[in-house]
S.K.: 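Here's a structure for you.
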Number of protein chains: 2
Amino acid sequence: MIRARTPSAAVPRARKGEETRAQILEAAVQQASEAGFESITIGALAQRTGLSKSGLFAHFGSRSDLQVAVLDEAARRFAETVFLPAMKAPRGLPRLRAIVGRFIGWTESAGLNGGCPILAAGIEFDDIAGPMREAVAGYQRQRGRELARAVQLAVDTGELAADTDPRQFVFELDGIALAYYHAARLVGDDQARNRALAAFERLVASYSPPLSPSAAARR
Amino acid sequence: MIRARTPSAAVPRARKGEETRAQILEAAVQQASEAGFESITIGALAQRTGLSKSGLFAHFGSRSDLQVAVLDEAARRFAETVFLPAMKAPRGLPRLRAIVGRFIGWTESAGLNGGCPILAAGIEFDDIAGPMREAVAGYQRQRGRELARAVQLAVDTGELAADTDPRQFVFELDGIALAYYHAARLVGDDQARNRALAAFERLVASYSPPLSPSAAARR
DNA sequence: GGCACAATAGTACGACCGTTCGTTTTTTGT
DNA sequence: ACAAAAAACGAACGGTCGTACTATTGTGCC
C-alpha cells in the first residue's frame, strides 16, 4: 500500500499508537523475561502500563498475537545486542569470541531483569503446537545457522581445524550458553560467567588445528 | 507416631487415598512435562483423572503444595531413572558414561511425553521467590554435587586428568544435556543424541590424563 | 477551527481459576 | 455387621481471564 507523504511532515514521528505499542512491548518483554510467556496477561499488563484492558487489547488482535509480538521483540533485541555489534569484529575467532562474550548474559545488557525470553518460550511451547512454537523454532534455527556461519569463517581463517563440523561446534557452544543461564540464574553460581568463558576456551582449544610452526609461534 | 499393625493384614496395601494421590501425581507430572507447572490446574487435572475438583484438591492443601509435590515426584523419577541404575556400573568413567547415557533423554525412559519437568520448573520459577524456586534450586544443587562426586571418582581412578576441576566438568556436562534437550525437543534435530554423545566423548578426551604407556595401550 | 479518524476508555459477558464448606459415599478396623 | 474414619462429591464464592461491543477522548491534517 503506497501512502503519499506530505513534505510538510518534518519529523514523521510514529503515530502515537506505535509509541504506546512499543511501551506495551517493553513491559511485556520484561514480564516474559521474569515469569514466562504464560504470565503475560492482558489485565496485569494494562495495570503495569497504566492503560485500560481494552485499550491495550486493541493494539493486538488477541493474546496469542501479543505473545508472538513479544517474542519478535525479544528476538530483535537479541540480534541487536549480540550479533550486530559482534559483526564489527574481524571474521574468524575474534568475531566468534565477540559473539560468545555478548551471548553470555545478554539479557542484562539488553536491560532485562529476568532470564532469556527466547529460551523461556522454547521450553514453554516445545510441546504446544501453534504459532508460538513455530516462531520460536524458527528463531532458534536461524540463530543456529548464523552461529554456524561464524564458526565456518573461523575454519576458513585456519583458526579452527579444517575437519571441524560447524554444527557440532554450535551444539556444544549452545550447551555452554545454556549451562551459563542455568547456573547463573537458577543455581545462583556467581562463578557462572568464568566457567562459561573457560568452557569456551576449552572448546576452542579442542577444535584447534594441529600445531604448525606459525601457529606455535603465535602462542 | 507408632501404629500397632494387626498381623491379619496380609498385604498392608496403601490406604486407598495414597493410591489415588499417586494417580493424580502421575497425571500432574505428565502435564508439567508437556506444558509446564503453570499449566497444572486443579480443574483440568480433575477432569484428566476423573475426580471432582474438590476431591482432588483435598489431597493437597493448595495448588502450590501440589506443584511442589509434582516437582518432588519428578525428582524422584529422575533419580530412579538416571542415578540409581548407573550406580551399578563400576566407579569411574564407566559409571559416568552410564549416567550420561541415561541422562540424555531420560524423560522418555521415565514414560514422560514431554520435556524435563525439573528444567521447566527451573526456568519458570527462577525469578519467582517462593517454595518452588527453593525446591528446584535444591534439587539442582544436589544433582550437581552427585555428578561432581562421580567425576571425582573418575579422577581418582586416573581416567581423568589429576588437575580436573570437577565443578567445571559438571558445568560443561550440564551444557551438553541442556543442549540435547534444546536441540531434540525444540529445534527438532534428530541427530541430537548423537551430537550429545559425541560432545561427551570430546569432553572426556579433553580432560584425559597425559598419555602414559598403559593408557596408550588401553586405546 | 473543525473534520476524519486513530486511540483509548468503559462496560459487560461467559469461562475458568483456586478455595471453602457441608453432604454423601466408600473404605477400614473390629 | 457396624461404627468410625477417610475419601470423594457438589455447589457456591469472589476473582481474573480473554474478548466483544459501544462510547469517549485525543491527534493529525486542511
S.K.: CZ of Phe57(B) versus P of dC13(D): gap in Å, rounded?
M.R.: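 Distance check: Phe57(B) CZ to dC13(D) P gives 18 Å.
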S.K.: For Arg63(A) and dA20(D), give me the distance from atom CZ to atom P, rounded to whole Å.
M.R.: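 About 14 Å, once rounded to whole Å.
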S.K.: With a 4.0 Å limit, can you tell me whether His59(B) has a side-chain N or O closer than that to the phosphate oxygens OP1/OP2 of dA8(D)?
M.R.: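 Indeed, a polar side-chain atom of His59(B) lies that close.
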S.K.: Would you call Asp156(A) and Arg91(A) a salt bridge, taking side-chain N to carboxylate O under 4.0 Å as the test?
M.R.: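 No, this pair does not count.
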S.K.: Would you mind reporting whether Glu172(B) and Tyr207(B) have side-chain heavy atoms less than 4.5 Å apart?
M.R.: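 The answer is yes, as the side chains (C-beta and beyond) meet within the 4.5 Å cut-off.
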S.K.: In whole Å, what is the span from the CG atom of Leu56(B) to the C1' atom of dG18(C)?
M.R.: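 Interatomic distance, CG of Leu56(B) to C1' of dG18(C): 12 Å.
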S.K.: Between Asp127(B) and Arg133(B), is there a side-chain N and carboxylate O pair less than 4.0 Å apart?
M.R.: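 Salt bridge flag = no for Arg133(B) with Asp127(B).
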S.K.: Using a heavy-atom distance cut-off of less than 4.0 Å, which residues of residues 128-135 of chain B contact DNA chain D?
M.R.: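 Going residue by residue through residues 128-135 of chain B, none turns out to have a heavy atom under 4.0 Å of DNA chain D.
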S.K.: Within this structure, what is the CD-to-C1' distance between Gln47(A) and dG18(D), rounded to whole angstrom?
M.R.: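 Computing the Gln47(A):CD to dG18(D):C1' distance gives 16 Å.
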S.K.: Using a 3.5 Å distance criterion without hydrogens, assess whether the side chain of Thr164(A) forms a donor-acceptor pair with backbone atoms of Leu160(A).
M.R.: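 Not confirmed, Thr164(A) side chain does not pair with Leu160(A) backbone.
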S.K.: Does the pair Arg193(B)/Glu108(B) count as a salt bridge with the N-to-O cut at 4.0 Å?
M.R.: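 A salt bridge is absent here (no side-chain N lies under 4.0 Å from a carboxylate O).
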S.K.: Rounded to the nearest angstrom, tell me the gap between atom CG in Asp65(B) and atom C1' in dT19(C).
M.R.: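 Taking atom C1' of dT19(C) as the reference, CG of Asp65(B) is at 13 Å.
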S.K.: So does Thr41(A) get a side-chain nitrogen or oxygen closer than 4.0 Å to the phosphate oxygens (OP1/OP2) of dG18(D)?
M.R.: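 Affirmative; the distance criterion is met.
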S.K.: Let's see if you can work this out: which of dT28(C), dT8(C), dT19(C) has an atom nearest to the side-chain heavy atoms of Ala58(A)?
M.R.: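 In terms of side-chain proximity for Ala58(A), the closest of dT28(C), dT8(C), dT19(C) is dT8(C).
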S.K.: Please list all pairs passing the ring pair (Phe, Tyr, Trp, His ring centres under 6.0 Å) test where one or both residues lie in residues 86-134 of chain A, with sequence neighbours left out.
M.R.: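 Listed once each, the pairs are Phe78(A)-Phe103(A), Phe78(A)-Trp106(A).
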S.K.: Determine whether a donor-acceptor pair (one donor, one acceptor, N or O, separation below 3.5 Å) exists between the side chain of Ser54(B) and the base of dG10(D).
M.R.: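 Yes, the side chain and the base share a sub-3.5 Å donor-acceptor pair.
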S.K.: Confirm from the modelled atom types if Lys53(B) and dG18(C) form a donor-acceptor pair under 3.5 Å, side chain to base only.
M.R.: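 Indeed, a donor on one side and an acceptor on the other fall under 3.5 Å apart.
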S.K.: Thr20(B) side chain N/O closer than 4.0 Å to the phosphate oxygens (OP1, OP2) of dA7(D)?
M.R.: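 Answer is no, no contact under 4.0 Å.
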S.K.: Tell me what Leu51(A) touches on the nucleic acid: a base, only sugar-phosphate, or nothing, going by heavy atoms under 4.0 Å.
M.R.: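 Contact class for Leu51(A): sugar-phosphate only.
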S.K.: Measure from the side-chain N and O atoms of Arg77(B) to the backbone N and O of Leu112(B), and report whether any donor-acceptor pair falls under 3.5 Å.
M.R.: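 No, because the side chain of Arg77(B) does not come within donor-acceptor range (under 3.5 Å) of the backbone of Leu112(B).
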S.K.: Would you mind classifying the nucleic acid contact of Leu45(B) as base, sugar-phosphate or nothing, using non-hydrogen atoms under 4.0 angstrom?
M.R.: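 Result for Leu45(B) = nothing.
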